[in-house]
> 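If you scroll down you'll find the structure; I have some questions about it.
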Amino acid sequence: MLVSEVMLQQTQVSRVDPAWRRWMERWPTPAHLAADPPGEAIRAWDRLGYPRRALRLHACAVAIVERHDGVVPDDVDALLALPGIGMYTARAVAAFAFRQRHPVVDTNVRRVVARIVDGVADGGPATTPADLRAVEVLLPEDHEAAARASVAFMELGAVICTARAPRCEECPMAGVCAWRIAGAPASSGPSRRTQRYHGTDRHVRGLLLAVLRASDDPVPAARLDLVWDDEVQRGRALAGLIEDGLVRERGGTFTLPG
DNA sequence: TAAGCGTGGCG
DNA sequence: TCGCCAAGCTT
């Protein structure tokens, strides 16, 4: 559950599914993952995106072995203290793996609550403590029922109450949805400014890391020079990868961290 | 709080 | 085609 939730941070279910199966077959427990070098986690991450998540998941496995005897903790605060585990993932693991009663708030749930309860088209850009409270009061008292309700809120947002083309005709909440009843007004505020990708440092980092993932041997700098013409930007991107611990330099060659 | 961080699917 | 969006986290 923890591995899948980390993979699902900003990556769609359809792309996570095969990667998750391979990952769990190779590293069935935190101890298995912790015993391998972090570079192997980055390599196995393949093209899921945001490879820092792979590095943090490896660090998470190490922390679980060191602090929790290799057993994933069932306590939200202990989970929150692990690398790469934030407000959403900690509660998702506690609720879905350990069947506890916690509000589990992601972008889907923020949108569902914004529409049904608040009558507005969009939720906020990030989960706030106020969001947690708003969802908490909607949960059934029974822990198992609450865990199932949390799954249902997310699923409703993912399948029916979608961001761009909601299928209100098929929605079981249409009769009580404040947004629907108000005529589904468009969002009022300024829309979130869109992030560019093409030509950004992120783009170049992705190109560089793809070369290193594909190579079993240390890669000479000259080969990295081929992926991006702008030397200044390429150097900045590579330095950033090294700074983040995703890449290691050894005598003019580059590898994933061993 | 806002910006930075990959990659791909979909309308 | 191209911009939006995706089961966020960290600093």
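Chain letters run A, B, ... following the sequence lines, proteins first and then strands; every chain starts at 1. Just so it is clear, the values below take in all heavy atoms, side chains as well, and ignore hydrogens, waters and symmetry mates.
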> Does a side-chain N or O from A:Thr200 land closer than 4.0 Å to OP1 or OP2 of B:dC5, or not?
no
> In whole angstrom, give the distance that lies between atom CG of A:Leu8 and atom C1' of B:dG6.
15 Å
> How many Å lie between CG on A:Leu55 and C1' on C:dT10, as a whole number?
13 Å
> I'd like to know whether CH2 of A:Trp20 has more than 12 heavy-atom contacts from other residues, nucleotides or ligands below 6.0 angstrom.
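Open: at most 12 neighbouring heavy atoms sit under 6.0 Å from CH2 of A:Trp20.
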> Does A:Tyr88 belong to the same Ile/Leu/Val/Met/Phe/Trp/Tyr cluster as A:Val76, with side-chain heavy atoms less than 4.5 Å apart forming each link?
no
> Kindly say whether, by distance alone, the side chain of A:Arg164 makes a donor-acceptor pair under 3.5 Å with the base of C:dC4?
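Side chain to base: pair found, below 3.5 Å.
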> Respond yes when some side-chain nitrogen or oxygen of A:Arg205 is under 4.0 Å from OP1 or OP2 of B:dG6, and no when none is.
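Yes, because at least one side-chain N or O of A:Arg205 sits under 4.0 Å from OP1 or OP2 of B:dG6.
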> Measuring only the P atom in each nucleotide, how far is B:dG8 from C:dC9? A whole number of Å is fine.
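Result for the P pair: 22 Å, nearest Å.
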> Take the protein atom CG of A:Asp201 and the nucleotide atom P of B:dG6, then report the distance between them rounded to whole Å.
10 Å
> Could you tell me whether the phosphate oxygens of C:dA6, OP1 or OP2, come under 4.0 Å of any side-chain nitrogen or oxygen in A:Arg111?
yes
> Looking just at side-chain N and O atoms, do A:Tyr50 and A:Arg202 make a donor-acceptor pair shorter than 3.5 Å?
yes
> Quick test of your reading of the model: are A:Arg110 and A:Asp122 salt-bridged, counting only N-O distances below 4.0 Å?
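Salt bridge between A:Arg110 and A:Asp122, a charged N being under 4.0 Å from a carboxylate O: no.
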> For the side chain of A:Tyr197, counting heavy atoms from C-beta on, which of B:dG6, C:dG8, B:dC5 is nearest?
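Nearest to the side-chain atoms of A:Tyr197, counting from C-beta on, is B:dG6.
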> Closer to the 5' end of DNA chain C via nearest nucleotide, is it A:Thr89 or A:Arg15?
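Taking each residue's closest nucleotide, the earlier one in sequence belongs to A:Arg15.
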> What is the distance, to the nearest angstrom, from the CG atom on A:Leu156 to the P atom on C:dA7?
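Checked: the CG to P distance equals 12 Å.
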> OP1 or OP2 of C:dG8 less than 4.0 angstrom from a side-chain nitrogen or oxygen of A:Gln10, does that happen here?
yes
> Mind checking if A:Leu48 touches a base, just sugar-phosphate, or nothing, with heavy atoms under 4.0 Å?
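Answer is base: heavy atoms of A:Leu48 come under 4.0 Å of a base.
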> For the P atoms, the ones on C:dA7 and on B:dA3, what distance do you get once it is rounded to whole angstrom?
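Result for the P pair: 22 Å, nearest Å.
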> Report which part of the nucleic acid A:Val104 touches: base, sugar-phosphate, or nothing (heavy-atom distance under 4.0 Å, all strands).
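No contact.
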> Using the side-chain heavy atoms of A:Arg56, tell me which of these nucleotides is nearest: C:dT10, C:dG8, B:dG4.
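Nearest to the side chain of A:Arg56 among the choices is C:dT10.
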> Could you go step by step and tell me if A:Glu40 and A:Arg43 meet the salt bridge (Lys or Arg N to Asp or Glu O under 4.0 Å) rule?
CA-CA 5 Å; A:Glu40 283 306 297; A:Arg43 199 187 304 278; 3.4 Å; yes
> If only side-chain N and O atoms of A:Arg47 are considered, is one of them under 4.0 Å from the OP1 or OP2 phosphate oxygen of B:dG8?
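The answer is yes; a side-chain N or O of A:Arg47 sits under 4.0 Å from OP1 or OP2.
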> A:His203 vs A:Tyr197 aromatic rings, parallel, tilted or perpendicular, using cut-offs 30° and 60°?
parallel
> Quick check on DNA chain C: between A:Pro83 and A:Gly157, whose nearest nucleotide comes earlier from the 5' end?
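The residue whose closest nucleotide sits nearer the 5' end is A:Gly157.
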> Whether the side chain of A:Thr107 and the base of C:dG8 hold a donor-acceptor pair under 3.5 Å is what I'd like checked.
no
> Between B:dT7 and A:Tyr50, is there an OP1 or OP2 to side-chain N/O distance shorter than 4.0 Å?
no
> In whole angstrom, what separates A:Ile85's CD1 from C:dT10's C1'?
13 Å
> Looking only at side-chain N and O atoms, does A:Arg196 come under 4.0 Å of OP1 or OP2 in C:dC4?
no
